[in-house]
Amino acid sequence: MGGNRVKQETGGKLNHFDAQGQAIMVDVGEKPVTQRTAVASGRIFVNEDVYRAITEGTAKKGDVLGVARLAGIMAAKRTSDMIPLCHPLFLSKCSVDFDLQPEERAVKATACVKTSGQTGVEMEALHAVSVALLTIYDMCKALDRRMEIREIHLERKEGGKSGTFIAAADD
């Protein structure tokens with residue numbers, strides 16, 4: 001993301017720094033409670049053997065997508081433990097779904113996270129996708145270590161002062 005785009009989206013001010021440039025946790029105490037939703041996705045590209053093991057359920061470590069789904073949900077719930085300055089949030093919903101893409105030998109993970117609160121859930125959705133894909137890698141690395149995780153991004157977010165964001169296809 002270029003510096004100009006950051007300035008456009010934030011008004012030129014990064015809110016995790018005080019006037020002296022010190023990292024701070026943003027005070028959300030005065031913000032209104034609103035419904036907030038974020039959807040993120042990413043893909044892991046695998047070889048034919050790994051793809052077959054995932055789709056046929058023959059990976060030695062078990063149900064790859066089932067375990068990855070649980071790992072992603074657990075990650076969303078623990079985001080503030082991993083990302084400095086993130087607020088701990090009570091999540092009202094977290095789902096992690098997978099789309100098998102045989103033509104590219106890829107698995108797309110999509111996380112949808114919801115809360116009613118004073119700060120958004122973008123980081124929780126991104127964290128869920130990242131950990132779900134890393135779990136697929138971990139469960140299948142005995143078959144091939146060349147798997148590639150790519151394209152992790154925020155697809156959309158709703159709620160809060162900035163309203164709705166939808167990623168454009170050319171972003």
Side-chain angles (χ1 to χ4, degrees), residues 1-17 23-28 30-47 50-51 54-55 65 68-69 71-80 82-137 146-171:
M1 179 184 298
N4 289 337
R5 185 168 167 197
V6 169
K7 289 179 183 174
Q8 290 171 353
E9 292 179 3
T10 65
K13 183 175 183 260
L14 298 175
N15 58 5
H16 280 91
F17 298 97
I24 60 168
M25 183 179 226
V26 175
D27 182 357
V28 297
E30 301 299 317
K31 293 172 77 174
V33 172
T34 62
Q35 295 294 316
R36 294 159 183 270
T37 303
V39 176
S41 68
R43 298 196 297 168
I44 186 167
F45 295 82
V46 302
N47 70 17
V50 172
Y51 193 82
I54 291 170
T55 59
L65 298 183
R69 176 175 288 110
I73 292 168
M74 290 171 65
K77 293 169 58 174
R78 302 290 302 265
T79 299
S80 66
M82 299 305 301
I83 308 294
L85 310 177
C86 276
H87 292 83
L89 300 177
F90 178 79
L91 304 181
S92 57
K93 176 189 179 192
C94 179
S95 63
V96 177
D97 296 304
F98 299 101
D99 178 27
L100 298 171
Q101 301 176 331
E103 65 283 351
E104 298 180 84
R105 286 192 323 261
V107 178
K108 179 180 180 183
T110 302
C112 177
V113 182
K114 294 183 179 184
T115 192
S116 179
Q118 295 168 298
T119 189
V121 287
E122 295 96 316
M123 293 309 299
E124 287 72 12
L126 289 162
H127 193 218
V129 165
S130 299
V131 170
L133 294 172
L134 285 168
T135 300
I136 293 170
Y137 185 97
R146 292 172 298 210
M147 294 174 277
E148 292 184 22
I149 295 171
R150 296 189 234 155
E151 304 169 8
I152 297 173
H153 68 283
L154 181 67
E155 289 188 5
R156 77 172 194 274
K157 76 97 178 163
E158 299 168 7
K161 184 171 80 173
S162 61
T164 299
F165 163 83
I166 300 172
D170 59 352
D171 276 355

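Please read these numbers as outputs of a predicted model, since none were measured by experiment.
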Asker: Is any side-chain heavy atom of Val113 less than 4.5 Å from a side-chain heavy atom of Arg36?
Answerer: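 Counting from C-beta outward, Val113 and Arg36 never come under 4.5 Å.
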Asker: Side chains of Ser41 and Arg43: do they bring a donor and an acceptor to under 3.5 Å?
Answerer: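 Their side chains do not contain a donor-acceptor pair, so the 3.5 Å distance test is not met.
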Asker: I need the minimum non-hydrogen distance between Ala71 and Val131, along with the two atoms involved.
Answerer: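 Shortest heavy-atom separation between Ala71 and Val131 comes out as O-CG1, 3.6 Å.
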Asker: Step by step, would you call Arg150 with Glu104 a salt bridge (Lys or Arg N to Asp or Glu O under 4.0 Å)?
Answerer: CA-CA 13 Å; Arg150 296 189 234 155; Glu104 298 180 84; over 6 Å; no
Asker: Given side chains that start at C-beta, do those of Cys112 and Thr37 come closer than 4.5 Å, heavy atoms only?
Answerer: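 When only atoms from C-beta onward are counted, Thr37 and Cys112 do touch, with a gap below 4.5 Å.
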Asker: Going from CG on Leu126 to NE2 on His153, what distance comes out if it is rounded to the nearest 0.5 angstrom?
Answerer: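 Spacing of CG (Leu126) from NE2 (His153) equals 9.0 Å.
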Asker: Mind checking the CE-CG spacing from Met147 to Leu134? Nearest 0.5 Å is all I need.
Answerer: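 Met147 atom CE to Leu134 atom CG measures 10.0 Å (nearest 0.5 Å).
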Asker: Search all heavy atoms of Leu133 against all heavy atoms of Gly42 and return the closest pair with its distance.
Answerer: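 Scanning both residues, the minimum pair turns out to be CD1-C, 3.6 Å.
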Asker: What's the spacing between Glu148 CD and Asn47 CG if we round to 0.5 Å?
Answerer: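 One finds 11.5 Å between CD of Glu148 and CG of Asn47.
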Asker: Quick one: does Thr110's side chain get under 4.5 Å of Val96's, heavy atoms only?
Answerer: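 SC-SC contact between Thr110 and Val96 ruled out.
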Asker: I need the minimum non-hydrogen distance between Ser80 and Cys86, along with the two atoms involved.
Answerer: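 For Ser80 versus Cys86, the nearest heavy atoms are CB-O, 3.5 Å.
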Asker: Which pair of heavy atoms, one from Ala38 and one from Leu154, lies closest together, and at what distance?
Answerer: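 Looking at all heavy atoms of both residues, the closest pair is CB-CD1, 4.1 Å.
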Asker: So does Phe45 get a backbone contact from the side chain of Arg105, meaning a donor-acceptor N/O pair under 3.5 Å?
Answerer: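 No.
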Asker: Could you measure the distance from the CE atom of Met123 to the CG atom of Leu85? Nearest 0.5 Å is fine.
Answerer: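 Met123 CE to Leu85 CG: 10.5 Å, rounded to 0.5 Å.
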Asker: Would you check, one step at a time, whether the test side chain to side chain contact (heavy atoms under 4.5 Å, CB included) holds for Asp97 with Arg69?
Answerer: CA-CA 7 Å; Asp97 296 304; Arg69 176 175 288 110; 4.2 Å; yes
Asker: Counting N and O atoms only, with roles assigned by atom type, does the side chain of Gln101 sit under 3.5 Å from a partner on the main chain of Ala106, one being a donor and the other an acceptor?
Answerer: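 Checked: no pair found.
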Asker: To the nearest 0.5 Å, what is the distance between CD on Glu124 and CG on Leu89?
Answerer: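 Going from the CD atom of Glu124 to the CG atom of Leu89 covers 4.5 Å.
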Asker: Give the minimum heavy-atom separation between Ala76 and Cys94, together with the two atoms involved.
Answerer: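 Taking Ala76 first and Cys94 second, the nearest heavy atoms are CB-SG, 3.6 Å.
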Asker: Dump the intermediate steps for side chain to side chain contact (heavy atoms under 4.5 Å, CB included) on Val121 and Leu91, then the final yes or no.
Answerer: CA-CA 9 Å; Val121 287; Leu91 304 181; 4.0 Å; yes
Asker: Can you measure from CD (Gln118) to NZ (Lys161) and round to the nearest 0.5 angstrom?
Answerer: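 These two atoms lie 13.5 Å from each other.
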Asker: For the residue pair Leu65 and Ile136, establish whether any side-chain heavy-atom pair is separated by less than 4.5 Å.
Answerer: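 Side-chain contact under 4.5 Å: yes.
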Asker: At their closest point, which heavy atom of Ala128 faces which heavy atom of Ala111, and how far apart are they?
Answerer: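 Answer, listing the atom of Ala128 first, then Ala111: CB-CB, 3.8 Å.
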Asker: Under a 3.5 Å distance rule, please check whether Thr115 uses its side chain to pair with a backbone N or O of Phe90 as donor and acceptor.
Answerer: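 The answer is yes, because a donor-acceptor pair under 3.5 Å joins these two groups.
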Asker: With no hydrogens and no angle check, do the side chains of Ser162 and Lys157 hold a donor and an acceptor under 3.5 Å apart?
Answerer: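 The criterion, which ignores hydrogens and geometry beyond distance, is satisfied for Lys157 and Ser162.
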